[in-house]
Asks: 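So that we are looking at the same thing, I have put the structure below in structure tokens.
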Amino acid sequence: METKSTNYKQTINFTPELITRLNELLTHYPADKKKSALLPVLHEVQDAHDNWLSVELQEKVAEFLELKPIEVFEVVTFYTMYNQKPVGKYMFEFCSTSCCMLRGSDDLIDYTCVKLGIQPGQTTPDGMFSVAAVQCLGACGYAPMMQIGDYYHEHLTPQKIDQIIEDCKAGKIIIHDK
Ligand code: FES
């Protein structure tokens, strides 16, 4: 399997603060079961690296958790919440599963992409916005919805999308809860 396919360069920065956070996470799991911490560790590492995980960074995570690199690669490539290439500061992850689809997610994705001048999976040239279609985010009762960072935006309409984009440009949209 080809794993080193990335053309994107990433500066790996395991700061003392990040390592402290990762070590704290490890205390939640048995000492001989470090792999159990893989998902939260990947979240922390991704948050600390502009929201994406290069192959080299995944290898660093494997080294930290004393895993084989393939054990990290197979997780990162399975879950859409881990990004394998640079993404925009504001990543619009639209749920495109049944409830949201029936409530118009396809049209909203099209609307957003046209407005931003990109296709799903792409990032605007200024690095501000990315758009992705993802699977059910567990907020089906609030369809159609999307996730930006740690926050959900629900009951979406074109007008709400317009406002969210303006709020992003004005720095009013919170991405992370920490
Ligand atoms: S179907 Fe969209 S959140 Fe579940």
Side-chain angles (χ1 to χ4, degrees), residues 1-13 39 42-58 60-61 72-178:
M1 187 174 87
E2 178 60 60
T3 53
K4 292 206 174 197
S5 58
T6 180
N7 292 320
Y8 305 102
K9 291 287 169 230
Q10 184 173 44
T11 300
I12 296 175
N13 200 9
L39 269 67
L42 284 170
H43 277 300
E44 284 289 340
V45 172
Q46 180 169 263
D47 286 351
H49 288 83
D50 293 327
N51 202 22
W52 72 288
L53 298 156
S54 63
V55 169
E56 293 76 15
L57 187 51
Q58 294 172 52
K60 182 77 178 169
V61 170
V72 178
F73 299 158
E74 63 192 8
V75 168
V76 169
T77 55
F78 181 78
Y79 291 109
T80 57
M81 65 249 205
Y82 301 121
N83 303 309
Q84 300 171 65
K85 64 181 183 180
V87 294
K89 178 178 179 182
Y90 299 98
M91 184 164 183
F92 291 6
E93 296 179 88
F94 285 92
C95 170
S96 59
T97 309
S98 49
C99 295
C100 289
M101 187 180 68
L102 290 170
R103 300 275 295 163
S105 62
D106 286 353
D107 289 342
L108 278 175
I109 293 171
D110 287 346
Y111 177 84
T112 306
C113 284
V114 168
K115 189 170 174 81
L116 295 174
I118 56 175
Q119 296 290 320
Q122 293 182 340
T123 299
T124 54
D126 62 3
M128 279 286 282
F129 299 99
S130 297
V131 173
V134 302
Q135 296 302 305
C136 180
L137 290 166
C140 320
Y142 309 99
M145 59 80 64
M146 69 169 166
Q147 182 171 6
I148 304 175
D150 294 335
Y151 291 91
Y152 282 4
H153 299 264
E154 300 158 341
H155 297 303
L156 293 173
T157 62
Q159 292 73 26
K160 280 193 175 180
I161 295 288
D162 290 345
Q163 188 61 54
I164 289 168
I165 289 173
E166 288 311 307
D167 287 347
C168 287
K169 289 177 178 172
K172 294 180 182 172
I173 293 288
I174 298 170
I175 305 172
H176 294 302
D177 60 4
K178 57 179 180 293

Asks: How many angstroms lie between atom SG of Cys136 and atom CE of Met101, to the nearest 0.5 angstrom?
Replies: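 The SG atom of Cys136 sits 12.0 Å away from the CE atom of Met101.
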
Asks: Leu53 versus Gln84: any side-chain heavy-atom pair under 4.5 Å?
Replies: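 Of all side-chain heavy-atom pairs linking Gln84 with Leu53, none is under 4.5 Å.
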
Asks: So do the side chains of Met128 and Thr123 get within less than 4.5 Å of each other, counting heavy atoms only?
Replies: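 Met128 vs Thr123: side chains apart.
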
Asks: Between Tyr142 (side chain only) and His155 (backbone N and O only), is there a donor and an acceptor less than 3.5 Å apart?
Replies: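 The answer is no, because no donor-acceptor pair under 3.5 Å joins these two groups.
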
Asks: For Leu137, does its backbone N or O pair with a side-chain atom of Tyr152 as donor and acceptor, under 3.5 Å?
Replies: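 Such a contact is found between Tyr152 side chain and Leu137 backbone.
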
Asks: Should Gln10 and Glu56 count as side-chain neighbours, where that means a heavy-atom distance under 4.5 Å?
Replies: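 Of all side-chain heavy-atom pairs linking Glu56 with Gln10, none is under 4.5 Å.
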
Asks: For Lys115, what residues pass the salt bridge (Lys or Arg N to Asp or Glu O under 4.0 Å) criterion, not counting sequence neighbours?
Replies: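 Asp162.
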
Asks: Do Tyr82 and Thr77 have side-chain heavy atoms sitting under 4.5 Å apart?
Replies: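 Sidechains of Thr77 and Tyr82: no contact.
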
Asks: Is there a donor-acceptor pair under 3.5 Å between the side chain of Gln46 and the backbone N or O of Met81?
Replies: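 Yes.
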
Asks: Where do Tyr151 and His176 land on the ring-ring contact (aromatic ring centres under 6.0 Å, His included) test, with the steps shown first?
Replies: CA-CA 7 Å; Tyr151 291 91; His176 294 302; 8.7 Å; no

Asks: Please examine the side chains of Met146 and His153, heavy atoms only from C-beta on, and report whether any two atoms are closer than 4.5 Å.
Replies: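 Yes, side chains in contact.
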
Asks: Without swapping roles, check the side chain of Asp167 against the backbone of Ile173 for a donor-acceptor pair under 3.5 Å.
Replies: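 Flag not set: sc Asp167 to bb Ile173 has no pair under 3.5 Å.
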
Asks: For His49 and Leu57, what are the C-alpha separation, side-chain angles and deciding distance, and is it a side chain to side chain contact (heavy atoms under 4.5 Å, CB included)?
Replies: CA-CA 9 Å; His49 288 83; Leu57 187 51; 3.5 Å; yes

Asks: Hey, could you give me the CD/CD distance between Glu154 and Gln147, rounded to the nearest 0.5 Å?
Replies: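 Here the interatomic distance stands at 10.5 Å.
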
Asks: Within a strict 4.5 Å, meaning less than it, do heavy atoms of the Phe129 and Lys169 side chains meet?
Replies: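 Contact flag for Phe129/Lys169 side chains = yes.
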
Asks: Are there over 12 heavy-atom neighbours, none belonging to Ile174, within less than 6.0 Å of that residue's CD1?
Replies: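 Check fails, neighbour count at 12 or below.
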
Asks: Does a sphere of radius 6.0 Å around OH in Tyr111 hold more than 12 heavy atoms from other residues, nucleotides or ligands, not counting ones at 6.0 Å or beyond?
Replies: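 Yes, the 6.0 Å shell around OH holds more than 12 heavy atoms from other groups.
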
Asks: Less than 4.5 Å apart, any side-chain heavy atom of Phe92 and any of Ile109?
Replies: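 No, too far: nothing below the 4.5 Å cut-off.
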
Asks: Could you list the residues that satisfy side chain to side chain contact (heavy atoms under 4.5 Å, CB included) with Asp50, not counting sequence neighbours?
Replies: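 Testing Asp50 for side chain to side chain contact (heavy atoms under 4.5 Å, CB included), a comparison that skips the adjacent residues, returns Trp52.
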
Asks: Do Val134 and Phe94 have side chains that get closer than 4.5 Å, going by heavy atoms?
Replies: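 The answer is no, as the side chains (C-beta and beyond) never meet within the 4.5 Å cut-off.
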
Asks: Check step by step if side chain to side chain contact (heavy atoms under 4.5 Å, CB included) holds for Phe73 and Val55.
Replies: CA-CA 8 Å; Phe73 299 158; Val55 169; 3.9 Å; yes

Asks: Quick one: do the Asp126 and Thr124 side chains pair a donor with an acceptor below 3.5 Å?
Replies: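 Yes, side-chain donor-acceptor contact under 3.5 Å.
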
